[in-house]
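As a basis for the values below, the full set of heavy atoms in this structure was taken, side chains included, without hydrogen atoms, waters or symmetry mates.
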There are 4 protein chains.
Amino acid sequence: MPKTSGEETKKNILQVAEKLFAEKGFNGTSVNTIAKTAGVNKALIYYYFKDKNDIIVSLFKNIVNELVEYINQKVTSAESVNQDFSMRNKLKEEIKFFLNRKKIISIMLMEALKADNRSDYLFQCAEIFINHEFKMVMEAFKDHKRNKFPETLHYMVYEFFTGIIPMITFVALQDKWCEHFHCDQEKLLEYFIDSFEKSHLSSHLGLN
Amino acid sequence: MPKTSGEETKKNILQVAEKLFAEKGFNGTSVNTIAKTAGVNKALIYYYFKDKNDIIVSLFKNIVNELVEYINQKVTSAESVNQDFSMRNKLKEEIKFFLNRKKIISIMLMEALKADNRSDYLFQCAEIFINHEFKMVMEAFKDHKRNKFPETLHYMVYEFFTGIIPMITFVALQDKWCEHFHCDQEKLLEYFIDSFEKSHLSSHLGLN
Amino acid sequence: MPKTSGEETKKNILQVAEKLFAEKGFNGTSVNTIAKTAGVNKALIYYYFKDKNDIIVSLFKNIVNELVEYINQKVTSAESVNQDFSMRNKLKEEIKFFLNRKKIISIMLMEALKADNRSDYLFQCAEIFINHEFKMVMEAFKDHKRNKFPETLHYMVYEFFTGIIPMITFVALQDKWCEHFHCDQEKLLEYFIDSFEKSHLSSHLGLN
Amino acid sequence: MPKTSGEETKKNILQVAEKLFAEKGFNGTSVNTIAKTAGVNKALIYYYFKDKNDIIVSLFKNIVNELVEYINQKVTSAESVNQDFSMRNKLKEEIKFFLNRKKIISIMLMEALKADNRSDYLFQCAEIFINHEFKMVMEAFKDHKRNKFPETLHYMVYEFFTGIIPMITFVALQDKWCEHFHCDQEKLLEYFIDSFEKSHLSSHLGLN
DNA sequence: AATGAATGAGCCTTCATTCAT
DNA sequence: CATGAATGAAGGCTCATTCAT
């Protein structure tokens, strides 16, 4: 007997799966557990998803879409608001965006680390993010200083390994960090932002 | 004392397990597969290891030991060699050390990302590494500037998220990065070192 | 009375089921597959059929009815047409009849072969067929030679194992035979008819 | 704890599987049922067999081997014994051979009937059998009458559809036939042999 | 030190079937 | 007539682990 609309059931399954995958990893989570935690029949999961992998891929596709949406809305809002909207505020906002999605980010990282893995959603997300940053920066370079701009690949390496990676690792590990080093989240966030500014932002590849 | 053939078998199992865990993750690798790949009888694995978890823990303990050893030898060698031994060279050496252990590093990262996870080998390694860096830096601060030194926690956050994390993520993802972005390893390494220097090293939390 | 769209849907389901059962066997075919292949909702199948078994039973009943109809029309036409209508032509016609129903025949054979099986549609069909043959032959025996006629059971064994079985096995296996032995259907049919005439028909239990 | 040698366990599984496949068909038999009936752990079945299909293939390969062995021994014995060893006796012996293997024969037939099926063990067996018959017959044709011998393909069609098929169908269906038509096995066998002689053997494609 | 055999529990997936709409 | 949603049971298969030898 259908209690809820199909879409809601599916969304529920996805949320539960995201939580469990983040907790125990993809292979550490059984479809049975997902079903029980979500309070649905196991077979129903296979009514909505081709197989277990389809669940994680759905999650990945969702986060890609959300990221694109986020980026697009940032572009349009960026034009209207004050240009002086400080970098620090932008950074805080981004971290907030990622913190709200720390579960899927952890999952994406875990899966990306498997040498076997054929999915490259982490890199896809990174590209989306970096391309946007790239455009922003190019804007600032308009007429002058163009020759000082680094090669694209170099730029991507910089953005990925000293920008995106610290940020997403931060959201993925902050809870465990706090627990291990006995510090509170607020302070950690503050320190992280400070560190990130001093390292990644301050130099920004010698552009500023 | 001559290594018994047993010790070698055990080492072989560990090496195979490390490779497979790095490829498919801990839960994605079965003891059966380890046995077959290592060419040993499945039951023999249980002769050398209490259970499957004991294998990964052994790997983690090994890397902790190797790190300690590496650090200690750096300390002693640091005293003897030229102080001017440039930071860039030190960095290259460290990356080399990590690159040689990229499999276990990937595994450690994967496991650390699981929200459930009770093991904290990643943080243990980080602490060992950071404590050493800390001592080095303090040395340089000896008499003067002491008041300018940041709070320990702040320092650790900086070292961990903008130093260690980019470095180990680099060694863990470099192969996949090159494949995805069609660049060669040499160039990626060069760009990474450059990026790392410009971000993490150049500022070094405003100490220099 | 115009066929309701419902009747057509039912017929469609039956056709699809027949095709699939012949391809993968009854147990190898899921109701889901039938529904998808037929392009109807799964639950609709249960609107028309009590359960999965009801589908195959429907098919069996259909073929029984068709056989009865075929036999009856042969009887009436036999009276009107030339008695000399050669045996070979009769045989060809019968084979054509069976070839047009090779799918359900294959299914019937498969199911009959299961030692467990409680349905005896194969034997039912055989009885219908043999009884008719029996009457035809008896006709020819009318007044004379009656004593020479074999016992009924013996007659049935002969008709079944050397008449019906070769014929229905031929229609069931001809495609695969051609594929395996690289021969074309025309030639196989010709050879089969020849073989059948020489063995089953020529002797016809020593009656002729 | 291993009660028996592995080979015996494997043989036991095969025997049980053969019985169950013959009763309910391959798809109608679950590995679970095989395990329970054989009194072994389900996982043990996968220790000895790659998958469920490997079980049936093993059975098929066994029967092929047994057939080859049977044929070979017939050849050698044929030379030593009286040439007059009547055809009827030879036939009885063959039927006995097939009756002793009626389960696997039923299975082979069932599987061969599936239009989908990619395995052709039935045809393989048939070829082995027919090739042997062929040689025997050719022997008898030695110098004379050679031109009267039919084309090979024609010969195979004859042997397969009017020789092998009636015979194996007989062994596969005799129990059910007796039950359905209320006759005893002895009588059925007698009638069948008689019918087979009169149809297939008597003409033998017009060779005799 | 090493192995073949064995197991219970659990895995992912599909089954036939039902029900509310 | 027809459908989307739901389910309990069972499917094939693999898991980590153990034991006797």
With sequence neighbours excluded, residues passing salt bridge (Lys or Arg N to Asp or Glu O under 4.0 Å) with A:Asp175: A:Lys102
Please state how far atom CG in B:Asn12 lies from atom P in E:dA1, giving the value in whole angstrom units. 15 Å
Sugar-phosphate atoms are those with a prime plus P, OP1 and OP2; base atoms are the rest. Using that split, label each nucleotide of nucleotides 12-18 of chain E B, S or - for protein heavy atoms under 4.0 Å, 5' to 3'. BBBBBBB
How is B:Phe49 classified with respect to the nucleic acid when contacts are heavy atoms under 4.0 Å: base, sugar-phosphate, or nothing? nothing
Spacing between B:Ile45 atom CD1 and E:dG4 atom C1', to the nearest angstrom: 15 Å
With sequence neighbours excluded, tell me which residues meet side chain to side chain contact (heavy atoms under 4.5 Å, CB included) with B:Ala38. B:Asn12, B:Val16, B:Val40
Only pairs at least two apart or in different chains count here, so list each side chain to side chain donor-acceptor pair (under 3.5 Å) that has a residue in residues 57-67 of chain C. C:Glu66-C:Arg101
With sequence neighbours excluded, residues passing side chain to side chain contact (heavy atoms under 4.5 Å, CB included) with D:Lys114: C:Met110, D:Asn27, D:Glu111, D:Asn117
Which residues share a side chain to side chain contact (heavy atoms under 4.5 Å, CB included) with B:Lys36, sequence neighbours left out: B:Asn32
Side chain to side chain contact (heavy atoms under 4.5 Å, CB included) filter on C:Gln124, not counting sequence neighbours, yields C:Val64, C:Asp120, C:Tyr121
Map every base of DNA chain F to its dot-bracket character, where paired means a Watson-Crick or G-U wobble contact with both distances under 3.5 Å and | marks a partner outside the strand. .||||||||||||||||||||
For D:Lys19, look at atom NZ and say whether over 12 heavy atoms of other residues, nucleotides or ligands are found less than 6.0 Å away. no
When you check the phosphate oxygens OP1 and OP2 of E:dA2, does a side-chain N or O of B:Thr9 lie under 4.0 Å from one of them? yes
Rounded to the Å, how far apart are A:Tyr48 OH and F:dG4 C1'? 7 Å
So ring-ring contact (aromatic ring centres under 6.0 Å, His included) across residues 10-47 of chain C, not counting sequence neighbours, yields C:Phe21-C:Phe26
Would you say E:dA5 has OP1 or OP2 under 4.0 Å from some side-chain N or O of D:Tyr47? yes
